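Down below is the structure, laid out as structure tokens.
These numbers come from a predicted model, not from an experiment. Order of the sequence lines sets the chain letters (A, B, ...), proteins ahead of strands, with each chain counted from 1.
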4 protein chains.
Amino acid sequence: MPRKSNTAERRREIVAALLAVMAERGYDGASIQAIARTAGLAPGLVHYHFENKEAILLDLVASLAQVGRARYEMLAASAASPHARLQAYIDARLATGPGADPAAVAAWVMVGAEAVRQLQVRRAYQDALAPELAMLTELLRDCLEADGRSQARAAQLAASLLAFIEGAFQLSSAARELMPEAYAAQMALQLVQRFIAAEPAA
Amino acid sequence: MPRKSNTAERRREIVAALLAVMAERGYDGASIQAIARTAGLAPGLVHYHFENKEAILLDLVASLAQVGRARYEMLAASAASPHARLQAYIDARLATGPGADPAAVAAWVMVGAEAVRQLQVRRAYQDALAPELAMLTELLRDCLEADGRSQARAAQLAASLLAFIEGAFQLSSAARELMPEAYAAQMALQLVQRFIAAEPAA
Amino acid sequence: MPRKSNTAERRREIVAALLAVMAERGYDGASIQAIARTAGLAPGLVHYHFENKEAILLDLVASLAQVGRARYEMLAASAASPHARLQAYIDARLATGPGADPAAVAAWVMVGAEAVRQLQVRRAYQDALAPELAMLTELLRDCLEADGRSQARAAQLAASLLAFIEGAFQLSSAARELMPEAYAAQMALQLVQRFIAAEPAA
Amino acid sequence: MPRKSNTAERRREIVAALLAVMAERGYDGASIQAIARTAGLAPGLVHYHFENKEAILLDLVASLAQVGRARYEMLAASAASPHARLQAYIDARLATGPGADPAAVAAWVMVGAEAVRQLQVRRAYQDALAPELAMLTELLRDCLEADGRSQARAAQLAASLLAFIEGAFQLSSAARELMPEAYAAQMALQLVQRFIAAEPAA
DNA sequence: CATGAATGAGCTTTCATTCAT
DNA sequence: GATGAATGAAAGCTCATTCAT
């Protein structure tokens with residue numbers, strides 16, 4: 001009688017360990033030994049569950065994207081208007097407080113850097129961002145429409161908001177001391193809203 | 001009479017080589033051997049001019065900051081108004097075209113990731129950003145003043161613009177295919193200007 | 001009543017899998033996991049049936065020797081004269097065509113290499129070759145006697161034929177493209193026959 | 001002022017160490033550590049001089065081929081007739097005595113096994129054998145011609161002699177105890193000569 | 001200043017073997 | 001009998017750094 005498979009759980013543990021180690025030491029600093037130690041596993045077991053180190057990273061990218069999506073959907077559930085959903089989106093990404101996870105944010109910054117140089121990671125990174133961008137464009141289109149504004153630059157506005165968010169992650173991870181307190185969520189919302197308000201009518 | 005020292009030049013070459021290699025392979029992928037090969041030097045010579053690998057990186061951070069500053073000053077030289085200087089700043093950072101240097105942008109993204117985990121690099125990164133942020137705050141204060149708006153949130157606006165720029169660097173390095181064409185400079189300027197225009201009067 | 005043991009069959013499957021994997025990747029490349037996969041079994045089961053990896057190899061050596069012996073006996077059954085039996089022997093070893101098994105030949109070459117460095121394997125290899133050599137010596141003695149020739153060098157001739165065969169295996173496995181088409185069986189027979197014909201009378 | 005390069009010598013030492021270790025433990029058993037220890041070098045230095053382990057093996061194959069060629073040429077220098085050159089060739093390969101090098105023979109057997117499964121090694125192995133076979137064919141053609149015999153089967157005879165030699169190497173490495181004393185050189189010569197003598201006239 | 005050989009620690013990965021179920 | 005998760009010791013290879021010349 002075979003032992004009950006716990007592969008799914010082990011894989012989750014390993015991915016979580018990569019996130020934790022990566023947030024502090026980066027991807028190259030996240031040695032298999034360190035990941036295993038953090039997860040409380042034997043080093044060999046990591047490679048039993050993942051073909052190689054990159055595979056863990058790809059899993060992590062998908063996992064972080066999935067967590068972000070889930071947080072937005074939770075916050076957006078009670079949003080009645082497009083503008084409320086926009087606020088929900090920005091809060092899901094940028095709000096500080098109990099839901100915020102600095103380690104995940106730092107890990108995401110590391111993912112972004114790895115995406116620059118590893119093709120597979122770049123693909124996973126883009127696979128995470130593409131639906132995000134599409135959803136955001138749709139959301140902003142709704143906001144523009146609700147205000148009777150031209151939707152022509154919805155995509156550019158979505159890209160801008162995404163850039164703002166990625167940059168806020170970077171700065172909060174590497175230059176928190178320099179930044180004003182809790183500026184990000186509020187400023188993002190106002191920048192977008194004032195931009196929309198000044199767009200030409202549809 | 002000793003022959004003239006070429007240390008300064010050699011150091012510049014080595015830093016430039018780190019930039020080039022780092023843009024493609026990241027900091028950990030930038031081995032001393034690879035840097036030396038790119039610079040056309042013997043590996044041992046690198047350690048003659050730099051105490052260790054981190055020292056090259058610290059030099060690179062300062063060098064990138066300095067180049068950015070110089071570009072802004074060149075563009076700002078002919079700017080008559082605060083708003084013109086704001087445009088000069090944004091163009092210096094985000095304009096595509098001949099002045100743009102994708103390798104430097106990618107290297108800066110790598111620097112940002114290293115700053116998350118290496119104390120010395122974080123310090124250098126912050127030493128580069130702090131004056132930038134101060135200068136930008138001053139610039140935005142001038143813009144707000146020129147428009148007769150409250151300057152209370154100049155610092156937050158500066159931080160936001162910086163976040164946008166860092167994020168735009170990240171996305172242009174790792175997800176260029178997903179982003180709209182040349183959105184960054186134009187959107188950055190309009191987002192800031194519309195925000196300013198909607199600020200309460202001073 | 002316990003269910004019937006299938007140990008013997010499982011062992012055969014595992015040995016066959018070792019042969020197949022070894023022919024392509026060598027002994028060190030034949031990991032237990034690969035053997036199990038090829039045999040369609042769970043890795044743990046391999047060690048249930050064999051104490052360790054070497055034990056499978058020892059079984060394989062015996063099995064290959066046994067298969068070779070069986071093939072000779074089948075061909076020799078209808079051989080009326082010593083010379084006919086010699087031809088049967090050479091055909092059993094070297095004839096190309098339906099009976100030939102390149103994987104088994106390649107595996108045997110690998111066995112030969114392992115025999116050089118592993119004492120137990122060398123013993124098994126020699127235990128396979130010794131009766132072969134004895135039988136061949138006897139066979140050649142019969143041929144020499146039938147032709148009225150001195151039998152003094154029967155053992156040396158047997159050794160030579162064995163060397164030729166082992167070498168033909170090696171070359172057919174690693175340099176097939178270089179060798180003439182189907183030279184081995186015919187040349188072996190003629191070399192031996194002409195040697196015998198030129199031996200001094202008894 | 002650079003240190004004088006000793007790369008060529010180091011490479012020779014490493015190849016020699018591979019030969020020695022491989023003869024006793026096979027290719028997979030010849031770990032870089034073991035090679036380095038045998039050569040009296042630091043492990044890292046091995047990879048400084050060779051890109052990877054396979055590269056050492058490829059060098060070894062070429063080196064063994066070269067040594068064999070040199071030994072034949074030395075012995076053949078004083079050979080007046082084709083038959084004398086044939087004897088020189090066989091002696092160069094098979095004669096026991098002071099010139100014989102059991103470790104090189106064993107290493108060659110290991111090379112042969114690796115050639116079965118590694119493409120690059122197979123190519124090097126064939127690159128070593130092809131000129132050997134060509135030269136041998138030419139040599140046998142000369143012998144056949146000198147005796148007024150048909151040269152039609154010179155290539156097949158050359159292949160046969162090569163097979164005999166490879167097989168004799170295998171058996172001397174893994175089953176020396178079973179084989180008659182010093183049979184190989186004498187038997188090879190006589191087998192070939194009697195075959196030639198019985199060929200049809202040209 | 002410059003060279004490039006040398007060192008050894010540390011990395012990812014593989015694998016025979018064990019064992020709880 | 002059978003499963004597959006788990007272990008830990010190697011393996012090949014990379015690399016920052018040192019140093020004789």
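- If you take CZ of B:F50 and P of F:dT17, they are 13 Å apart, rounded to a whole angstrom.
- With the 3.5 Å cutoff on both pairing distances, Watson-Crick and G-U pairs in DNA chain F assemble into runs of at least 3 at E:2-21 with F:2-21.
- A 4.5 Å side-chain heavy-atom check between B:R122 and B:V61 finds every atom pair outside the cut-off.
- For C:T7 and F:dG1, the shortest distance from a side-chain N or O to OP1 or OP2 is below 4.0 Å.
- Judged purely by atom type and a 3.5 angstrom limit, D:Q170 uses its side chain to pair as donor or acceptor with the backbone of C:G112.
- At most 12 heavy atoms of other shown residues, nucleotides or ligands fall within 6.0 angstrom of atom CD in D:E24.
- The NZ atom of C:K53 sits 17 Å away from the C1' atom of E:dT18 (whole-angstrom rounding).
- Atom CG in B:L57 sits about 15 Å away from atom C1' in F:dA16, given to the nearest Å.
- Sequence order on DNA chain E of the closest nucleotides to C:G44 and D:G44 puts D:G44 first from the 5' end.
- B:H47 has its NE2 atom 15 Å from the C1' atom of E:dA2, to the nearest Å.
- Across the protein-nucleic acid pair, D:N6 atom CG and E:dA5 atom P stand 7 Å apart, rounded to whole Å.
- Judged by distance alone, with hydrogens and angles left aside, the side-chain atoms of B:S63 form no donor-acceptor pair with the main-chain N or O of B:D59 at under 3.5 Å.
- Of the two residues near DNA chain F, B:L45 and C:H49, the one whose nearest nucleotide lies more 5' is C:H49.
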* Where do A:E9 and A:R12 land on the salt bridge (charged side-chain N to carboxylate O under 4.0 Å, His left out) test, with the steps shown first? -> CA-CA 5 Å; A:E9 189 186 336; A:R12 257 189 315 256; 5.4 Å; no
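- No donor-acceptor contact under 3.5 angstrom links the side chains of B:Y125 and B:Q118, judged on distance only.
- Within residues 9-42 of chain D, the residues approached by DNA chain F to less than 4.0 Å at the level of any non-hydrogen atom are D:A30, D:S31, D:I32, in residue-number order.
- Side-chain contact check for C:M22 versus C:L60: some heavy-atom pair is nearer than 4.5 Å.
- Note: CD (D:E51) to P (F:dG12) measures 16 Å, nearest angstrom.
- Atom CG of B:N52 and atom C1' of F:dA16 are 9 Å apart (whole Å).
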* Where do B:L41 and B:H49 land on the side-chain contact (heavy atoms from CB on, under 4.5 Å) test, with the steps shown first? -> CA-CA 11 Å; B:L41 303 174; B:H49 289 292; 5.8 Å; no
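- Shortest non-hydrogen contact noted between A:P43 and A:I32 is O-CG2, 4.0 Å.
- Map C:A8 and C:P43 each onto its nearest nucleotide of DNA chain F; the residue landing nearer the 5' end is C:A8.
- Rounding to whole angstrom units, OH of residue C:Y48 and C1' of F:dA2 are separated by 9 Å.
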